[in-house]
Amino acid sequence: MRALSPAELLDVWDRGLHQAPLERALTLLGAARPDAQPDALAALDVGRRDAALLELRERTFGTRLTSVVTCSQCGERLEFSFGTDDIRVAPGDDACARQLSVDGYDVRFRPPDSRDLAAAALAGPAAQRTSMIARCVIGAQRGGEQVPTQSLPAHVVDAVEEGMRRAASQADVSIGIACPCCGHEWQAAFDIVSYFWREIETCARRILRDVHVLARAYGWHERDILALSAARRQCYLDMVRA
């Protein structure tokens, strides 16, 4: 995987402006892997998808990340930094199916992918859980007899959901935070899709401002300005503003 070029970054931003986060994730991956079929990217389980997005973010913007949160106890606004290795989860095996046994129920399942998340979103809040289990459970037995997914007890479904979460653990990352003002400690969820997209949006608008300045000053086309290295583009900007 390689970093996004300025032109690719602008194209991703332009296409993702009116997309939902799930679509943006696949748009980002598609830009980084232009030879991959869209269906193949959508079939990546969400853990592997987010691992790939983390790698793309690392190659495009570096290994350091900065975030801002507000302490729920004292209201203090906290800024903290961390590295990509701090939130990288070791990948599991490549098996697409997992198995667990609970109270005599033997259930085979797979971790959810982007298609499953899209289907669950369309099903609505009340039916999301049912939709996800129906799609991701490959088969269930008890005493050698097949058991329909809708007949699985609630505690078995809970165990399957936990197994799915563990199988796609890169998509379920939390960061430990301690407020230096009041001492309150908590776990903050980290979502690579929304974090990366905010960076893409900020960077795209900065690039467009640079293009605007240089196009007005020299009459250059956007493609020519984007083809410049970041260092050369900055030198021209410095001369224009001098």
Side-chain angles (χ1 to χ4, degrees), residues 1-5 8-9 11-65 67 82-98 108-123 128-129 131-138 160-175 187-204:
M1 184 181 294
R2 54 178 175 76
L4 296 176
S5 69
E8 290 169 333
L9 191 148
D11 181 60
V12 164
W13 169 75
D14 195 22
R15 288 189 288 133
L17 274 174
H18 303 294
Q19 291 180 333
L22 180 58
E23 296 172 294
R24 287 173 178 170
L26 297 178
T27 296
L28 283 164
L29 283 185
R33 298 177 175 178
D35 296 334
Q37 293 296 319
D39 288 345
L41 296 178
L44 287 173
D45 73 64
V46 291
R48 296 187 184 281
R49 181 203 69 182
D50 284 8
L53 287 176
L54 183 61
E55 181 183 351
L56 178 60
R57 192 274 172 197
E58 188 175 56
R59 292 180 181 271
T60 303
F61 293 129
T63 61
R64 298 304 299 172
L65 303 91
S67 190
F82 50 98
T84 49
D85 283 344
D86 296 327
I87 54 173
R88 180 175 283 113
V89 178
D93 58 62
D94 291 330
C96 61
R98 273 73 169 177
R108 293 178 68 243
F109 65 94
R110 59 174 178 80
D113 58 33
S114 295
R115 300 167 301 182
D116 302 320
L117 297 183
L122 288 175
Q128 283 184 359
R129 174 178 162 111
S131 171
M132 193 70 71
I133 292 298
R135 291 177 63 91
C136 295
V137 169
I138 299 170
V160 173
E161 287 186 324
E162 176 63 16
M164 290 163 57
R165 186 190 68 79
R166 290 181 179 276
S169 53
Q170 185 65 69
D172 187 32
V173 174
S174 295
I175 303 171
Q187 293 287 319
F190 176 82
D191 176 26
I192 183 60
V193 178
S194 59
Y195 186 96
F196 195 9
W197 179 255
R198 286 195 298 270
E199 291 184 308
I200 291 285
E201 191 162 34
T202 299
C203 187

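The figures here come from the full heavy-atom set of this structure, side chains too, leaving out hydrogens, waters and symmetry mates. This chain uses plain numbering: 1 for the first residue, then up along the sequence.
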Contact summary for [X] and [Y], nearest pair of heavy atoms:
| X | Y | answer |
| --- | --- | --- |
| Pro111 | Arg98 | CD-NH1, 3.6 Å |
| Ala36 | Leu41 | CB-CD2, 3.9 Å |
| Ala168 | Gly47 | CB-N, 3.6 Å |
| Asp116 | Cys136 | OD2-SG, 3.5 Å |
| Ala25 | Val193 | CB-CG2, 3.9 Å |
| Trp13 | Ala204 | CG-CB, 3.5 Å |

Keeping to residues at least two apart or across chains, list the side chain to side chain donor-acceptor pair (under 3.5 Å) pairs with something in residues 28-37.
none

Side chains of [X] and [Y]: does their closest heavy-atom pair fall under 4.5 Å?
| X | Y | answer |
| --- | --- | --- |
| Asp50 | Phe196 | no |
| Arg49 | Leu22 | yes |
| Arg135 | Arg115 | yes |
| Asp45 | Met164 | no |
| Glu199 | Thr60 | no |
| Leu117 | Met132 | yes |
| Ile200 | Leu9 | yes |
| Glu201 | Leu17 | yes |

Residues Asp85, Thr63; criterion side-chain contact (heavy atoms from CB on, under 4.5 Å); working and verdict
CA-CA 8 Å; Asp85 283 344; Thr63 61; over 6 Å; no

Can you check whether [Y]'s main-chain N or O pairs, donor with acceptor, with [X]'s side chain at less than 3.5 Å?
| X | Y | value |
| --- | --- | --- |
| Gln170 | Ile87 | yes |
| Arg57 | Gly62 | yes |
| Arg108 | Ile138 | no |
| Arg59 | Arg2 | no |

If you round to the nearest 0.5 Å, how far is [atom2] of [Y] from [atom1] of [X]?
| X | Y | atom1 | atom2 | answer |
| --- | --- | --- | --- | --- |
| Asp86 | Arg64 | CG | CZ | 6.5 Å |
| Glu55 | Thr84 | CD | OG1 | 10.0 Å |
| Leu53 | Leu44 | CG | CG | 9.5 Å |
| Leu29 | Ser114 | CG | OG | 8.0 Å |

Would the number of heavy atoms belonging to other residues, nucleotides or ligands and lying under 6.0 Å from CZ of Arg166 be above 12?
no

Do the ring planes of Phe82 and Phe190 sit parallel (below 30°), tilted (30 to 60°) or perpendicular (above 60°)?
perpendicular

Could you walk me through whether Asp113 and Arg48 pass side-chain contact (heavy atoms from CB on, under 4.5 Å), step by step?
CA-CA 9 Å; Asp113 58 33; Arg48 296 187 184 281; over 6 Å; no

Could you walk me through whether Ile192 and Val173 pass the side-chain contact (heavy atoms from CB on, under 4.5 Å) test, one step at a time?
CA-CA 9 Å; Ile192 183 60; Val173 174; over 6 Å; no

Working for side-chain contact (heavy atoms from CB on, under 4.5 Å), residues Thr27 and Trp197
CA-CA 11 Å; Thr27 296; Trp197 179 255; over 6 Å; no

